[in-house]
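We count ligands from 1, going down the list as the structure has it; atoms in each ligand are counted the same way.
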Amino acid sequence: MLLAIDCGNTNTVFSIWDGQEFIATWRTATEWQRTADQYYVWLSTLMKFQKVEADITDVIISSTVPRVVFNLRVLADRYFNTRPMVVGKPECLLPVDVRVDEGTAVGPDRLVNTVAGYDLYGPDLIVVDFGTATTFDVVAADGAYVGGVIAPGVNLSLEALHNAAAALPHVDITQPQRVVGTNTVTCMQSGVFWGYVGLVREICARIKAERERDMRVVATGGLAPLFQQAADLFDEYQDDLTMHGLTVIYKYNKELADK
Ligand SMILES: Nc1ncnc2c1ncn2[C@@H]1O[C@H](COP(=O)(O)OP(=O)(O)OP(=O)(O)O)[C@@H](O)[C@H]1O
Ligand SMILES: CC(C)(CO)[C@@H](O)C(=O)NCCC(=O)O
Ligand SMILES: [K+]
């Protein structure tokens, strides 16, 4: 079975894929200091607790934090006796072309998202991921990755206000009842929530105009449903899009190796 690891700047998600479906998914905060032994204690405890019986033979990793890759490699080697595939490394091939400026190290999560989007929905896509940053990534008519947009994440925007202004509290994102807030918290929520609705609309409209075609907008990330409730921003929502992309890339490389 495959252990797929999606390491973002805030959270790291581990999923076990049995070849047909994900049989378990666990999330932990991303901390580069965590050792392979710590990961394994955590993983094996959860597996026992949830009675997940999985013989992990393969590991694939996408990490936006380069420093964590070392310990995840050791985890794969020491506890699962396998060399992991690491998205973004030359030996891990992608089933699509990547057409960006030479020397650009595109975040592996962005590449994985577009591979997943293309696999599920076909070409001419905008994939929006609400993670630490909010990313928009474009899949062309031939499935190639052709670039995108990086915007500050929703929670990051709220944190930035709190960190920079002494009188602004820590606030969680929610859809405010009104646009005009009548206290500090609702004023901040309104700025970020409605500002974000506008940001997503404008960026998607401009991408479509620039590419001179209609494109499907696919969203992923925990906050996407909150925005979709308020405005019709997305055509599709796929909660485990990045994980799906990891399985597609795994299969692609496995088939190449078996040839
Ligand atoms: N209504 C909400 N308010 C605040 N946070 C929410 C809400 N709904 C979901 N979330 C959060 O959204 C996050 C979704 O995780 P996701 O993997 O999309 O991004 P992330 O882990 O924050 O970023 P990264 O992948 O860059 O580490 C989770 O941390 C979850 O707690
Ligand atoms: C933009 C983030 C932080 C989104 O997770 C990640 O994809 C990343 O660190 N990217 C590197 C730069 C780039 O994608 O061009
Ligand atoms: K993510």
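Sequence neighbours left out, the pairs with a member in residues 134-155 that pass salt bridge (charged side-chain N to carboxylate O under 4.0 Å, His left out) are R99-D142, R110-D137.
Side-chain contact between L168 and H170 is absent, with no heavy-atom pair separated by less than 4.5 Å.
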Stepwise, does the side-chain hydrogen bond (donor to acceptor under 3.5 Å, both in side chains) test hold for N113 with T242?
CA-CA 5 Å; N113 282 346; T242 315; 2.7 Å; yes
E255 vs N253, side-chain hydrogen bond (donor to acceptor under 3.5 Å, both in side chains): CA-CA, chis, key distance, verdict
CA-CA 5 Å; E255 277 160 22; N253 282 273; over 6 Å; no
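Within a 6.0 Å radius of CD in Q50, more than 12 heavy atoms belonging to other residues, nucleotides or ligands are found. Heavy atoms of other residues, nucleotides or ligands lying less than 6.0 angstrom from CD of E91 number more than 12.
A salt bridge links R78 to D37: one of the charged nitrogens lies within less than 4.0 Å of a carboxylate oxygen.
The protein residues lying under 4.0 angstrom from ligand 2, judged by non-hydrogen atoms, are N9, T64, A105, V106, G107, D109, R110, T135, I150. For a heavy-atom separation below 4.0 Å, the residues in contact with ligand 1 are G8, N9, T10, N11, R27, F130, G131, T132, I173, G221, G222, L223.
F14 is linked by a ring pair (Phe, Tyr, Trp, His ring centres under 6.0 Å) to Y39, W42, counting only residues two or more places apart in sequence or in another chain.
Between the side chains of T186 and N183, at least one donor N or O sits under 3.5 Å from an acceptor N or O.
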